[in-house]
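First up is the structure itself, then whatever we jot down about it.
Quantities reported herein were computed from a predicted structural model and do not represent experimental measurements.
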Amino acid sequence: MKNIKRFRILVMGRANAGKTTILQRVCNSTDKPEIFDGKGNKVYSYKKQKCFQRGHHDIKHELVFKSNPGFVFHDSCGFEAGSTEQFDQMRSFVVEHAATEKVNDRVHAIWFCIPMTDYHRTVTAAEKKFFNECDTGHGNIHLVPVIVLLTKVDALYLTAVRELLDQGLTIVEAKERAPEKQGKLLEKWLAHVKDELDKCKYPPKGYVTLQKMHQEKAECTVLMETTANVMNEEGLQMILISTQQSSIVLCIQYAVRR
């Protein structure tokens, strides 16, 4: 493990799931990432490229933030709207980088984002296809754990307000009770997602709900802790914890466990 220089994460999910914002919070940055090929050459600037637009991306490109170059991200965006060829390219990348013996090229974790702005279709055919057909190393020592991220949870607040208004409450009453209602809605949809995906052939190893990621001081500790906890190698856990900048407390906790 001492030869691993950077922690590599594949970020997946449909378009507009808030993936870039999450990566900015994880790396404590407001800047866009720099994009490199697999050989360390800068490909193009984030502002000019289209890889985050539906159907236009290269999963092999590395996204790196200057604020924390210890993380390397890959993006597989919007494959739910792509062709079979696009899905196959994504699966080939996952399989190749899960099994490679080159430790610095190996993907160490996968974050699969599902936005709650689409709560009415949290689990589509695309999600089921991935978790039924994409083996990330189950039964293999180089298992690449997949964590499902429910993003943009804040969107459920307005849904909660609308439902309370439909029940006959005034707007003042609805706003007062909305946070509690939002929490119940989140519990409902999280349970639904778990029920659907845990039945798949290659289910996720963990689930995280994220909200207020648009705020620069948004908390990512739970995401880091969940990712570390599902790693099957202690060395990788320590690399992740030492790389993350979200929580000093988390660093101390893992240091004590050792």
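Contact annotation: the side chain of Lys188 never approaches that of Val193 to less than 4.5 Å [non-hydrogen atoms, C-beta and beyond]. Looking only at side-chain heavy atoms (C-beta outward), Met224 and Val26 come within less than 4.5 Å of each other. Looking at heavy atoms from C-beta onward, Phe130 lies in side-chain contact with Val146 at the 4.5 angstrom threshold. The closest side-chain heavy-atom distance from Gln211 to Leu150 is not below 4.5 Å. Within the 4.5 Å cutoff, the side chain of Thr243 has heavy atoms near those of the Asn68 side chain. Using a 4.5 Å heavy-atom threshold, the side chains of Lys32 and Gln24 count as touching. When side chains are defined from C-beta on, Trp189 does not count as touching Thr209, because their heavy atoms never get closer than 4.5 Å. Within the 4.5 Å cutoff, no side-chain heavy atoms of Pro204 are placed close to those of Lys194.
Summarising the geometry, atom CG belonging to Asp75 is positioned 12.5 Å from atom CD1 belonging to Ile9; distances are rounded to the nearest 0.5 Å. Of the inter-residue distances, the one linking Arg177 atom CZ with Gln182 atom CD reads 14.5 Å to the nearest 0.5 angstrom. With rounding to the nearest 0.5 angstrom, the CZ atom of Phe93 is 5.0 Å from the CD1 atom of Ile59. Atom NZ of Lys129 and atom SG of Cys200 lie 12.5 Å apart (nearest 0.5 Å). Considering SG of Cys113 and CD of Glu127, their distance stands at 10.5 Å, rounded to 0.5 Å. Within the model, atoms OG1 of Thr124 and CG of Asp118 stand 9.0 Å from one another, a figure rounded to the nearest 0.5 Å.
In this view, Lys66 and Glu34 satisfy the salt bridge (charged side-chain N to carboxylate O under 4.0 Å, His left out) rule, not counting sequence neighbours.
Thr227 approaches Leu223 most closely through the heavy-atom pair OG1-O, 2.8 Å. The minimum heavy-atom distance between Val148 and Phe131, with the atom names listed, is CG2-CZ, 3.8 Å. Taking all atoms of both residues into account, the shortest heavy-atom contact from His97 to Asp105 is ND1-O, 2.7 Å. Listed here is the closest heavy atom pair of Pro115 and Asn16: CB-O, 4.2 Å. Taking each heavy atom of Phe7 and Ala109 in turn, the nearest pair found is CE2-CB, 4.2 Å. Closest approach of Met231 to His108, counting heavy atoms only: CE-O, 3.2 Å.
Within 6.0 Å of NZ on Lys199 lie more than 12 heavy atoms contributed by other residues, nucleotides or ligands. The number of heavy atoms from other shown groups lying within 6.0 Å of CD (Glu133) is above 12.
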Q: Go through the steps to decide whether Thr159 and Met116 satisfy the test side-chain contact (heavy atoms from CB on, under 4.5 Å), and finish with yes or no.
A: CA-CA 10 Å; Thr159 303; Met116 294 311 294; over 6 Å; no

Q: Carefully, step by step, assess Glu163 and Lys184 under the rule salt bridge (Lys or Arg N to Asp or Glu O under 4.0 Å).
A: CA-CA 12 Å; Glu163 291 190 8; Lys184 291 181 178 179; over 6 Å; no

Q.
One pair to check against side-chain contact (heavy atoms from CB on, under 4.5 Å): Leu23 and Trp111. What are the steps and the verdict?
A. CA-CA 11 Å; Leu23 302 188; Trp111 291 344; 4.0 Å; yes

**Q.** From CA spacing to verdict: side-chain contact (heavy atoms from CB on, under 4.5 Å), Leu164, Glu173
**A.** CA-CA 8 Å; Leu164 291 169; Glu173 293 171 331; over 6 Å; no

**Q.** Step-by-step side-chain contact (heavy atoms from CB on, under 4.5 Å) determination, Val161 to Ile171
**A.** CA-CA 8 Å; Val161 171; Ile171 185 63; 4.2 Å; yes

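The main-chain N or O of Gly13 is found under 3.5 Å from a side-chain atom of Lys19 such that the two form a donor-acceptor pair. A side-chain donor-acceptor contact under 3.5 Å links Glu219 to the backbone of Thr221. Within the 3.5 Å criterion, the main-chain N or O of Asp37 finds no donor-acceptor partner in the side chain of Asn41. When atom types are taken as modelled, the side chain of Asp154 and the backbone of Lys212 share a donor-acceptor pair closer than 3.5 angstrom. His74 contributes a side-chain N or O that, together with a main-chain N or O of His61, makes up a donor-acceptor pair within less than 3.5 Å. Here the side chain of Ser67 pairs a donor or acceptor atom with the backbone of Cys27 at under 3.5 angstrom. For the pair Thr151 (side chain) and Ala17 (backbone), a donor-acceptor distance under 3.5 Å is present.
The hydrophobic clustering, which links ILVMFWY residues whose side-chain heavy atoms are closer than 4.5 Å, places Val72 and Phe36 together. Clustering ILVMFWY residues whenever any of their side-chain heavy atoms sit less than 4.5 angstrom apart, transitively, puts Tyr207 in the very cluster that holds Val153. Cluster membership check: Met213 does not share its hydrophobic cluster with Tyr157, using side-chain heavy-atom separations under 4.5 Å among Ile, Leu, Val, Met, Phe, Trp and Tyr. Tyr119 and Leu165 fall into different hydrophobic clusters, where Ile, Leu, Val, Met, Phe, Trp and Tyr side chains are chained together by heavy-atom contacts under 4.5 Å. When the side chains of ILVMFWY residues are joined at heavy-atom separations under 4.5 Å, either directly or via intervening members, Val144 and Val95 end up in two distinct hydrophobic clusters.
Ring pair Phe71/Phe73 is parallel by interplanar angle, where below 30° counts as parallel and above 60° as perpendicular.
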